[in-house]
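This one's a predicted model, so the numbers in the text were calculated from it and none came from an experiment. Atoms within each ligand, like the ligands themselves, are counted from 1 in listed order.
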Amino acid sequence: MRETPSNLTLKPGDTIGILGGGQLGRMIALAAARLGLRCHIYAPEAANPAYDVAAKYTVGRYDDEAALRGFASSVQCVTYEFENVPAKTVEILSSRVPVRPGAKALAVCQDRVLEKQLARDLGATTADFVSINNLEELVQGIATIGTPSILKTRRFGYDGKGQFVIRKAEDAATAWAAVAGSPCILESFVPFLREVSVVAARGLDGIVKAFPVTENEHRDQILRRSIVPATLHPVTARSAIDIATKIATALDYVGVFAVEFFVVGENEAETVYVNEIAPRVHNSGHWTLDGASTSQFEQHVRAISGLPLGATAPTAAKVEMTNLIGDDVLDWHSLMAEPDTQLHLYGKGEPRPGRKMGHVTRFFGR
Ligand SMILES: Nc1ncnc2c1ncn2[C@@H]1O[C@H](COP(=O)(O)OP(=O)(O)O)[C@@H](O)[C@H]1O
Ligand SMILES: [Mg+2]
């Protein structure tokens, strides 16, 4: 077995292994290539956006030990572009090669109860919550938390999937059936004014650098638009970045991560509630590709390679990122003709409803 020093640093010509082959893996691979690093993608799908731009790819299951061993022996470090990587996969890989971010960060961020508990333990505010394992606990939980509240599966949810809004106590049985008996979290409904996120990186040396706080608009529970800077009092923005820094430090995190927040109250009463932590590059950080000194993808590559983190300042007074979801992408030609607009397409083929096909970044005041 090879030695895997926790402080191993990559150099140009080395190879990063990426678990997952979606658009996030694609954009990480593009950023790595610019720094002279190669990427080897490992994913179960036969075709994927990231394969098109990587030096190498392996089609394999996340429980195929032999294939994972082969993959580990071909790379200097492994990262991932989605948080549902099985713990066992990381265990197999991390005995052979550094996996960044590590198993601890992944375990916490895969589970909505553990991540909210961590945020609370670090002094952050969250929605009230209880963990739910059966219908009786749900009935009891609704009595404690009140309505409206939201029942979410602890694991595997994204873009609002695996969630059920409970409006009255009588909804309990329907809600429990809707989540098919999976372990859940029940959260109080937060009457937020805005949603914001902090995208930041923690380097191998423990230094944390955050991008400016981003304001996020969702449509049908899918991120539609991100705007920088967020409408937020500077003191609130500082506290959001402080919370993100504490979370990353507590998790011994290495790489880019995002913390999603709800903004409640105005002026002196303005507060942020931690909603979720994503242990990866994040859609609300896509604006950094064209709108910040260093993109979140390059920052992730730098962090996991043990290289110095780049500057995070925005390059315009206001930057706006809009996702191209489903048929939105059919406007690619006219979007390309817009002045001061940058188009990114993920090479996904057929647009389907709800599918993230690409994004555009627009600049104001530069
Ligand atoms: N406790 C809550 N109170 C109010 N709105 C919520 C709450 N939880 C989630 N939402 C809304 O649903 C969206 C998706 O929920 P989230 O927990 O971020 O899951 P995911 O992004 O993994 O689907 C949030 O961005 C927010 O708009
Ligand atoms: Mg979310």
Legend entry - Sequence neighbours excluded - salt bridge (Lys or Arg N to Asp or Glu O under 4.0 Å) pairs with any residue from residues 350-360: D159-K356
Legend entry - Enclosure of Y158 OH (heavy-atom neighbours >12, cutoff 6.0 Å): no
Legend entry - Under 3.5 Å: donor-acceptor pair, side chain of R167, backbone of T147: no
Legend entry - Flag, side chain of E137 to backbone of N133, donor-acceptor distance under 3.5 Å: yes
Legend entry - Minimum-distance N/O/S atom that E276 presents toward the Mg ion (ligand 2): OE2
Inset, instruction - Tell me which part of F189 gets within contact of ligand 1: side chain, backbone, both or neither, using heavy atoms under 4.0 Å. - result: both
Inset, instruction - Of the side chain and backbone of S188, name the one, both, or neither that has a heavy atom under 4.0 Å from an atom of ligand 1. - result: backbone
Legend entry - Nearest option to atom 3 (N) of ligand 1, as decided by whichever heavy atom of D159, V190, V165 sits closest: V190
Inset, instruction - Could you check which of E83, K116, E195, K152 puts a non-hydrogen atom nearest to atom 9 (C) of ligand 1? - result: K152
Legend entry - Sequence-distant partners of S284, side-chain hydrogen bond (donor to acceptor under 3.5 Å, both in side chains), two or more places apart: S197, H282
Inset, instruction - May I ask you to check whether E260 brings an N, O or S atom to under 2.8 Å from the Mg ion (ligand 2)? - result: yes
Legend entry - Polar atom proximity, I150 to ligand 1 (N or O, under 3.5 Å): no
Inset, instruction - Going by the salt bridge (Lys or Arg N to Asp or Glu O under 4.0 Å) test, name the single residue among E187, E115, E276 that passes it with K152. - result: E187
